[in-house]
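Comments concern the structure below.
Small disclaimer: the values here were computed from a predicted structure and weren't measured. Each ligand, and each atom within it, is numbered from 1 in the order the structure gives.
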Amino acid sequence: MSEHYDIVIIGGGPVGSTLALALRDSGLRICLLEARDFSPSTDPRALALSYGTRLLLDRLGVWAKLPQVSGIRTIHISQKGRLGRTRLQAEELGAPELGYVLPYSALQNGLQSAVLAAARVEGAGAESAALSPNPSPVSGRGELICIGNAAVTALETGAEAATIRYSRDGVAQELTAKLAVVADGGRLLEASHPPEVHDYGQSGVIAHVTCAHPKPGTAFERFTPQGPVALLPYHDGYELVWTASHEQVQEMMAWDEATFLARLHEHFGDRVGAFTGVGPRSSYPLRLKRAPQTTLPHAVLLGNAAQTLHPVAGQGFNMGIRDAWELAQVVLRAAPESLGSAAMLDDYQRSRRLDRAAGIRFTDGLVRLFSNDLPGLGHARGASLALLDCIPPAKQFVAKRMMFGANG
Ligand SMILES: Cc1cc2nc3c(=O)[nH]c(=O)nc-3n(C[C@H](O)[C@H](O)[C@H](O)COP(=O)(O)OP(=O)(O)OC[C@H]3O[C@@H](n4cnc5c(N)ncnc54)[C@H](O)[C@@H]3O)c2cc1C
């Protein structure tokens, strides 16, 4: 007999963990299955989080506990070799910051600690198990159970419930749920429900860099025909995201440090002076992946499982946390017997339609518009950036979209 839950969350990454936290006091029986063993993450990428995301993390009680956060007060947007630039500033919007930079691992570990502290944990790594020796008492019949080393192998959706199969220590297991939430980053349903994929032909190199004249609090987004390059202010320097064709990125990964720093200076220009140091480099292929449907009978796709975006505008997790937050609100509003019903799932889809479509369009449009050297387009883009800089309401519109999404 398989055990039955109200909700099974597949994937304890930042989005799945956000949902588990938002529903921890819901009184529902929730099980989170994570393929890893809950050891702290060592993922090297840095994330730019919007001010709106900070507010949500605050409400979940996680923000104040996150270490190593740097604020963004200005975003400087320009294109290589052309006039015209725009500067978005927090003070023009009456916000303390436009956004924040922190390592993915710090965010993931902060969310994971909070989830594990509220849960009964099975299959945790040694260090994480120590984080939650005494799970909080559970109110009502509700319960949050986190199972590590639990790689989900199949999801079957049916008229009455979803069936989730997973493997733990080589043993096949099965659960059923009124609602299965797929927050696995996009792998589980790739074959059975293929996403629409647009390959930009680009990869991104990420690394921490230091420079001669850092401008604390200022993020730079520079568009070039080979792809965007971003510098996110972080501690003594910047988190770099440098995009180029897959072949160019392979070469960039092999450059020695002096060559890397000199080529970066050549490519980015002189706004922060010469680059003086670079930490370990990693690379990622960059694609837009969009699930054709974000709901299936008794199941919903969240975060990267629903849409994987190019990191140009730093929207991926910011969109994923809004998916998780909105789903939690819909679940909390729904009558328990309607959990996972077509009406509840329609309610969720409606609430995310505008923000999801606008976020995908915005990010995809930026990459396509700026990653080319078509005659005449460079001048038009430069003129648009300069114009945007002179029209405060237009600037506010763009900045608010980046901070809060289209529903903001
Ligand atoms: C280079 C780069 C830079 C980025 N920069 C930004 C940025 O500046 N701002 C921003 O907002 N976003 C950014 N993103 C996007 C951001 O990283 C993602 O949107 C975010 O990680 C999505 O979280 P998620 O929880 O949906 O998926 P993931 O982070 O992929 O987590 C998925 C989780 O599910 C688990 N899992 C996978 N398969 C299974 C399975 N079968 N069973 C059980 N568990 C499973 C995994 O172990 C993992 O813990 C960037 C991405 C890249 C690649």
Side-chain angles (χ1 to χ4, degrees), residues 8-20 31-50 52-54 56-57 72 75 99-105 107-109 111-112 115 123 146-155 164-168 173 175 180-190 202-207 219 221 228 230-232 234 239-243 249 281-289 291 301-324 359 363 402-403 405:
V8 169
I9 303 172
I10 302 169
V15 171
S17 299
T18 296
L19 180 68
C31 178
L32 181 149
L33 299 170
E34 168 54 50
R36 293 175 298 106
D37 68 356
F38 298 126
S39 305
S41 162
T42 53
D43 191 297
R45 84 188 81 159
L47 300 180
L49 302 189
S50 67
T53 293
R54 176 211 165 129
L56 294 182
L57 291 171
I72 302 175
I75 302 177
Y100 306 87
V101 183
L102 82 172
Y104 174 99
S105 55
L107 174 73
Q108 168 63 16
N109 296 338
L111 283 164
Q112 185 171 281
V115 171
C146 292
I147 308 180
N149 282 320
V152 174
T153 50
L155 167 67
I164 300 104
R165 300 206 170 82
Y166 68 98
S167 146
R168 183 148 173 246
Q173 315 263 1
L175 301 175
V181 178
V182 184
D184 70 327
R187 285 155 285 255
L188 181 64
L189 299 181
E190 210 160 21
Q202 292 177 354
S203 288
V205 176
I206 60 162
E221 185 76 68
L231 288 181
L232 305 172
Y234 191 62
E239 295 298 325
L240 167 72
V241 185
W242 185 355
T243 56
V249 161
R281 289 166 240 171
S282 316
S283 70
Y284 295 82
L286 305 176
R287 295 187 190 94
L288 165 65
K289 285 202 219 164
L301 283 65
L302 294 190
N304 270 25
Q307 63 276 320
T308 303
L309 306 180
H310 192 294
V312 58
Q315 291 295 300
F317 173 67
N318 292 310
M319 174 100 68
I321 194 175
R322 296 198 293 268
D323 285 350
T363 300
M402 291 178 82
M403 286 159 74

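Of all atoms in ligand 1, listed by their number and element, those nearer than 4.0 Å to a heavy atom of L33 are 43 (C), 44 (N). Close contacts between ligand 1 and G314 involve ligand atoms 7 (C), 8 (O), 9 (N), 10 (C), 11 (O) [criterion: under 4.0 Å to a heavy atom]. Near N318, meaning under 4.0 Å from one of its heavy atoms, ligand 1 places the atoms 11 (O). Set against the non-hydrogen atoms of A46, the atoms of ligand 1 under 4.0 Å away are 5 (N). Here is the list of ligand 1 atoms found below 4.0 Å of a heavy atom in V15: 23 (O), 24 (P), 25 (O), 26 (O). Within ligand 1, the atoms closer than 4.0 Å to a non-hydrogen atom of A48 are 7 (C), 8 (O), 9 (N), 10 (C), 11 (O), numbered from 1 in the order shown. Interface of G13 with ligand 1, defined as ligand atoms under 4.0 Å from a residue heavy atom, comprises 25 (O), 31 (O), 33 (C), 49 (O). Of all atoms in ligand 1, listed by their number and element, those nearer than 4.0 Å to a heavy atom of G303 are 26 (O).
Residues forming a side chain to side chain donor-acceptor pair (under 3.5 Å) with D184 (at least two apart in sequence, or on another chain): none. Every residue two or more places apart in sequence or in another chain that forms a side chain to side chain donor-acceptor pair (under 3.5 Å) with R54 is listed here: Y100.
Side-chain atoms of N304 do not come within 3.5 Å of backbone N or O of G186 as any donor-acceptor pair. In terms of modelled atom types and a separation under 3.5 Å, the side chain of Q108 and the main chain of P103 share no donor-acceptor contact. Counting only distance, with no hydrogens or angles, the side chain of D43 and the backbone of Y104 share no donor-acceptor pair below 3.5 Å. In terms of modelled atom types and a separation under 3.5 Å, the side chain of T153 and the main chain of R165 share a donor-acceptor contact.
Between V152 and ligand 1, at least one N/O pair is under 3.5 Å apart.
Of all the heavy atoms of A150, the ones lying under 4.0 Å from any atom of ligand 1 belong exclusively to the backbone. Only the side chain of R187 comes within 4.0 Å of ligand 1, counting heavy atoms alone; its backbone N, CA, C and O stay farther away. By the criterion of a heavy-atom distance under 4.0 Å, the side chain of Y104, and not its backbone, is placed next to ligand 1. Heavy atoms from both the backbone and the side chain of F317 come within less than 4.0 Å of ligand 1. The part of A151 lying near ligand 1 is the backbone, judged by heavy-atom distances below 4.0 Å.
Separating the CG atom in L107 from the OG atom in S17 is a distance of 8.5 Å, to the nearest 0.5 Å. Separating the CG atom in L175 from the CG atom in L155 is a distance of 11.5 Å, to the nearest 0.5 Å. The CG atom of L240 sits 15.0 Å away from atom OH of Y234, with the distance rounded to the nearest 0.5 Å. Between the CG atom of N149 and the CD atom of E34 there is a distance of 9.0 Å, given to the nearest 0.5 Å.
Closest heavy-atom approach to atom 27 (O) of ligand 1 among the candidates G185, G320, S203: G185. If you check each of E34, H310, Q315 against atom 49 (O) of ligand 1, the one with the closest non-hydrogen atom is E34.
Ligand 1 has A183 within reach: a non-hydrogen atom of the residue lies less than 4.0 Å from it.
When side chains are defined from C-beta on, L49 counts as touching L102, because their heavy atoms get closer than 4.5 Å. Using a 4.5 Å heavy-atom threshold, the side chains of C31 and V8 count as touching. Looking only at side-chain heavy atoms (C-beta outward), Q173 and I147 stay at 4.5 Å or farther from each other.
Among protein heavy atoms, the minimum distance from atom 38 (N) of ligand 1 is reached at D184 CB, 3.6 Å. Annotation: atom 4 (C) of ligand 1 to nearest protein heavy atom, P311 CB, 3.7 Å. Counting only heavy atoms of the protein, atom 26 (O) of ligand 1 lies nearest to N304 N, 3.0 Å. Remark: minimum distance from atom 44 (N) of ligand 1 to any protein heavy atom is reached at A35 N, 3.1 Å. Closest protein heavy atom to atom 1 (C) of ligand 1: Y284 CD1, 3.6 Å. The nearest protein atom to atom 52 (C) of ligand 1, hydrogens excluded, is given as R45 CD, 3.8 Å; this is a heavy-atom distance. The protein non-hydrogen atom at the shortest distance from atom 14 (N) of ligand 1 is L47 CD2, 3.7 Å.
Here the shortest heavy-atom pairing between L302 and A324 reads CD1-CA, 3.9 Å.
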